[in-house]
Amino acid sequence: KGYGGGGGKYGGKGGWGGGNDSGFNAHGETETMEVDDRDIGRIIGKGGCNIRELQEGTKCKIITPGKKEDNEDPTLRQVKLIGSKEQIERCKEAISGVLMGDEPKDVLAQIDGAVVLKNVEPMSMGHLGKIKAKIEEEMGVRLELDARSARIWSKDGNRDKALDAKEKIEEELEDITTVDTLTVPVPANIVNQVINDSALRQLQDQTGLTANVSKNDQGTGIRLTGLSGAIQEAKSLIERRSSGQGAEFLSLMPGMLQKMPPKAYGDLQRDMSFLQQNSGAQVTIGEGSNKAEFKGGPDEVCHAKAELQKILHFYFPQECDTIELPPESVDWIAGDDDRELMRLQSAGAVVSLDRGAASLWICGNPRSVDQVRNRIRNSLSRWEREHTVIKLHRRDAAFAIIGRGGERIRQLQTDTQARIDVDPDNQRVTISGKEDSVREAKARIMEILQGHGGKGGDGGGWGGKGGDGGN
């Protein structure tokens, strides 16, 4: 564990961080706990994340039941707990909390006397990170910030102080969580470009903010509706983008940098300084902040953001990751109305989709990051099977597929039950649908291209070789 040393990303070795040993007591007393069969999955959690956190937080080994026995009650299952008497009691209380829908870390903190502020949205968490030191000093408490929770401990064990601090925090956040509406003026010739800006879309994904083009007697603008804090941040992004500046930010786990050893933090600061000199962009990460902000020209800002992701992955290899996506898969990953993207957000990680760069940034505790990474891989694997792209070498090949008046492409879609999108300008055909439908539609299109005397390019899904969509 600990920092591997060596002067940073641009000339150093190793990274900072490491795995944890659960250290549970596997040789103590044994007790069983009856749990509804439907709740076993909650105890285990996605990818086993809940059961690992429960074992680490209680030092108690948890053994969930396997296949049901013939004489076993079909509705109730026996969960075995192994540890000292105190560990078992703590574990039972923690499991009960998880079955009520709480996160393991929040439950364990509450058992230890903490007061927990739950379901904190990213905008409020960012503000809370900025006022964390002030709250801790004034209220005599210690704050632990996670992606969606704030855990509050009194420094002298007086829980009333933690409750007072929670009330103070809620008052501080009230102003930025008021729903408001604002129209930001934007020149008509760039309004569509600005409203589709990647940074603005990321802010919408994270805060639920809505942005719509507005036209009236005063001119053209973007109408924003959402939390006051999110609106002010969106207004700043829009104004910078409208003036020709770069507008980017990178979401972070609150307090992540503050957990670094002094030497590693010093190396990171030197790398950040070098990054700014090399990129020409200004990069700012406020103390306790949940994001990095970039200022400068559009190209400089994009370069600085990509480089900072690499730097943070170097220092936090288990806490930070960037997943490069096939550009055609971006909308698939986000899902209808960004529902899939919202599902990826978890209590232990922040997830940002950069549509412009076709990449997904994940930052959080190692288990949550790994969980999101696996879900993305599974989603991309499915996308590969249900999508394929054929590159055309000649523009007129696109019209051969479309046919006179669109007759041929309509018949193809009817016959194969696949969706076929032909883009003559970019000389590309995109096919989507069920796996068999995609395969049949691709074969039919390749026949058309061969009969037309043209060639289809290397098709295929993400990571594939072409031809058969990577299969």
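Numbers for residues simply follow the sequence, beginning at 1.
For Arg410 (side chain) and Ile402 (main-chain N/O), no donor-acceptor pair under 3.5 Å exists by modelled atom type. A donor-acceptor contact shorter than 3.5 Å links the side chain of Asp197 to the backbone of Ala199. Judged by distance alone, the side chain of Glu121 and the main-chain N or O of Ser124 form a donor-acceptor pair under 3.5 Å. In terms of modelled atom types and a separation under 3.5 Å, the side chain of His387 and the main chain of Trp383 share a donor-acceptor contact. Between the side chain of Gln276 and the backbone N or O of Val283 there is at least one donor-acceptor pair closer than 3.5 Å. Side chain of Arg408 to main chain of Ala400: a donor-acceptor pair is present (N/O by atom type, distance under 3.5 Å, no hydrogens or angles).
The CD atom of Glu233 sits 12.0 Å away from the CD1 atom of Ile231 when rounded to the nearest 0.5 Å. With values rounded to the nearest 0.5 angstrom, Ile445 atom CD1 is found 9.0 Å from Leu392 atom CG. The CZ atom of Arg151 lies 11.0 Å from the CG atom of Leu117; values are rounded to the nearest 0.5 Å. Interatomic distance, Lys155 NZ to Arg142 CZ, rounded to the nearest 0.5 Å: 9.5 Å. Going from atom CD of Glu319 over to atom CE of Met253 covers 9.0 Å, rounded to the nearest 0.5 Å. The distance from atom CG of Asp421 to atom CD1 of Ile401, rounded to the nearest 0.5 Å, is 11.5 Å.
Residue Arg375 places its CZ atom among more than 12 non-hydrogen atoms of other residues, nucleotides or ligands, all under 6.0 Å distant. Counting non-hydrogen atoms of neighbouring residues, nucleotides and ligands closer than 6.0 angstrom, the CZ atom of Arg373 exceeds 12 such neighbours. More than 12 heavy atoms of other residues, nucleotides or ligands lie within 6.0 Å of CD in Gln269, so this atom counts as buried by the packing criterion.
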Query - Stepwise side-chain contact (heavy atoms from CB on, under 4.5 Å) check, Arg159 with Leu163 - result: CA-CA 6 Å; Arg159 195 168 186 273; Leu163 290 168; 4.0 Å; yes
**Report entry** side-chain contact (heavy atoms from CB on, under 4.5 Å) between Phe249 and Gln206, intermediate numbers included
**Finding:** CA-CA 12 Å; Phe249 67 92; Gln206 293 179 7; 4.0 Å; yes
Report task. Show your working on side-chain contact (heavy atoms from CB on, under 4.5 Å) between Lys434 and Gln417 and close with a plain yes or no. Result -> CA-CA 8 Å; Lys434 293 182 179 179; Gln417 294 299 300; over 6 Å; no
Query raised in the report: Taking it one step at a time, do Val429 and Ile420 satisfy side-chain contact (heavy atoms from CB on, under 4.5 Å)?
Result: CA-CA 7 Å; Val429 180; Ile420 304 170; 3.9 Å; yes
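Residues passing the side-chain contact (heavy atoms from CB on, under 4.5 Å) test with Arg382, sequence neighbours excluded: Trp332, Arg385, Glu386. The side-chain contact (heavy atoms from CB on, under 4.5 Å) search around Ile44 returns Ile40, Thr64, not counting sequence neighbours.
Side-chain atoms of Asn365 and Ser368 form a donor-acceptor pair, as typed in the model, at a separation below 3.5 Å. Residues Asp354 and Ser359 have side chains that never bring a donor and an acceptor to within less than 3.5 angstrom of each other. Asp415 and Gln411 share a donor-acceptor pair across their side chains, judged by distance under 3.5 Å alone. Using modelled atom types, one finds a donor on one side chain and an acceptor on the other under 3.5 Å when comparing Tyr315 with Asp271. Side chain to side chain, Ser352 and Ser251 meet the donor-acceptor criterion of an N or O pair below 3.5 Å.
In this structure, the side chains of Asn290 and Val350 stay at 4.5 Å or more apart for every pair of heavy atoms. In this structure, the side chains of Lys132 and Leu143 come closer than 4.5 Å at one or more pairs of heavy atoms. Annotation: side chain of Asp102 is in contact with side chain of Lys118 (closest heavy-atom distance under 4.5 Å). Using a 4.5 Å cut-off on side-chain heavy atoms (C-beta onward), Leu344 and Leu341 make contact. Counting heavy atoms from C-beta outward, Glu239 and Pro185 have side chains that stay 4.5 Å or more apart. For the pair Val186 and Thr220, the minimum side-chain heavy-atom distance is 4.5 Å or more. Within the 4.5 Å cutoff, the side chain of Phe294 has heavy atoms near those of the Leu250 side chain. With a 4.5 Å cut-off on side-chain heavy atoms, Leu275 and Leu308 count as touching.
In plain terms, the two heavy atoms of Asn192 and Ile195 that are nearest each other are O-CG2, 3.4 Å. Heavy atoms only, all atoms of each residue included: Val191 and Gly221 are closest at CG2-O, 3.9 Å. Scanning both residues, Gln371 and Cys49, for their nearest heavy atoms gives OE1-SG, 3.6 Å. Taking both residues in full, the closest heavy atoms of Val116 and Ser149 are given as CG1-CB, 4.4 Å, listed atom of the first, atom of the second, then distance.
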